Amino acid sequence: MPRTETHVAAGILAPAQADKRAEILTLLERAYWMEMETVMSYVANAAGLDGIRAEEIAEALAADVTEELGHAKAFAGRIKDLYGTPPGSMDFTAEQTYLQPLDDPTDVATVIKGVIEAEAGAIEHYTRIIEACDGVDWATQDMVIDILRDEENHLRTFERYLAEFE
Ligand SMILES: [Fe+2]
Ligand SMILES: [Fe+2]
């Protein structure tokens with residue numbers, strides 16, 4: 001449990017909000033791991049894809065790695081600010097079965113679909129965080145809204161790619 005003796009009576013850091021803070025920390029930890037796994041999956045798939053048709057997708061994925069890593073850092077920082085401890089790697093459990101590099105490195109459509117699934121999962125989870133923060137943790141909410149905007153942009157970008165590949 002996070003430390004609860006704080007110096008402020010208002011907002012999410014107030015002692016009265018200890019339970020809400022614990023709930024938000026759990027959500028933020030999950031978000032952190034989602035970003036870290038996405039970084040791993042995008043690095044591997046960007047390097048794994050082959051072929052002229054794959055080139056632009058591989059470049060887009062490689063560019064997103066930087067952005068997703070930035071999200072992970074933002075979540076870790078916010079966990080710390082809420083009296084939490086950013087999780088260590090031993091706590092990591094992989095979930096992205098749909099983004100494992102493929103035996104056929106020219107199968108771009110399957111990678112694009114995997115990216116869409118990852119982005120959709122992030123959008124769903126971050127929407128939950130935004131709702132959980134409403135009225136009680138404005139700063140986390142504001143941060144996650146910014147990140148949600150990025151993920152919605154990623155989703156739409158890869159939806160457009162998919163339209164071209166199908
Ligand atoms: Fe992200
Ligand atoms: Fe994303």
Side-chain angles (χ1 to χ4, degrees), residues 12 21-51 53-82 84-102 105 107-134 137-166:
I12 191 63
R21 205 159 56 236
E23 178 197 334
I24 291 171
L25 278 170
T26 302
L27 294 167
L28 291 177
E29 277 174 29
R30 172 152 177 74
Y32 172 79
W33 285 129
M34 289 169 83
E35 295 291 349
M36 289 306 252
E37 186 171 15
T38 295
V39 166
M40 285 193 273
S41 293
Y42 288 7
V43 166
N45 282 287
L49 283 172
D50 262 342
R53 273 161 60 87
E55 216 164 279
E56 197 173 338
I57 305 302
E59 275 171 25
L61 275 181
D64 280 353
V65 165
T66 311
E67 219 168 315
E68 309 297 8
L69 185 59
H71 296 162
K73 286 178 175 172
F75 283 120
R78 191 61 189 162
I79 287 168
K80 184 69 181 166
D81 284 347
L82 293 184
T85 305
S89 59
M90 293 301 287
D91 290 336
F92 176 67
T93 310
E95 291 178 358
Q96 292 179 353
T97 51
Y98 48 87
L99 266 176
Q100 303 308 297
L102 303 165
D107 182 2
V108 187
T110 300
V111 173
I112 295 172
K113 285 177 193 162
V115 171
I116 288 171
E117 190 165 344
E119 299 293 344
I123 287 168
E124 283 159 21
H125 186 59
Y126 301 169
T127 300
R128 241 183 99 202
I129 300 178
I130 290 162
E131 287 167 359
C133 290
D134 205 52
D137 185 352
W138 303 111
T140 299
Q141 188 180 57
D142 182 60
M143 183 190 94
V144 180
I145 287 171
D146 280 344
I147 296 174
L148 177 68
R149 190 183 304 118
D150 290 342
E151 310 302 11
E152 286 177 343
N153 172 260
H154 296 161
L155 180 87
R156 290 293 299 120
T157 301
F158 280 83
E159 278 181 350
R160 288 192 291 268
Y161 289 146
L162 185 63
E164 262 183 64
F165 275 84
E166 279 187 335

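Quantities reported herein were computed from a predicted structural model and do not represent experimental measurements. Whatever order the structure lists them in is the order used to number ligands and atoms, beginning at 1.
- Put simply, the side chain of Tyr32 does not reach to within 4.5 Å of the side chain of Pro86, judged on heavy atoms.
- Closest approach between the Fe ion (ligand 1) and any N/O/S atom of His71 involves ND1.
- No side-chain donor-acceptor contact under 3.5 Å links Glu68 to the backbone of Glu35.
- In this structure, Glu159 places its CD atom where more than 12 heavy-atom neighbours from other residues, nucleotides or ligands lie under 6.0 Å away.
- The atom of Glu151 nearest to the Fe ion (ligand 1) is OE2, with the search restricted to N, O or S atoms.
- For Glu35, the nearest N, O or S atom to the Fe ion (ligand 1) falls under 2.8 Å.
- Backbone or side-chain N, O or S atoms of His154 reach the Fe ion (ligand 2) at under 2.8 Å.
- Within the coordination shell of the Fe ion (ligand 1), defined by N, O or S atoms under 2.8 Å, Glu68 is present.
- Ion pairing between a basic and an acidic side chain is recognised when a charged N comes within 4.0 Å of a carboxylate O; Glu164 and Arg53 show no such pairing.
- At a cut-off of 2.8 Å, Glu67 does not coordinate the Fe ion (ligand 2) through any N, O or S atom.
- Looking at every heavy atom in both residues, Met36 comes nearest to Leu69 through SD-CD1, 4.4 Å.
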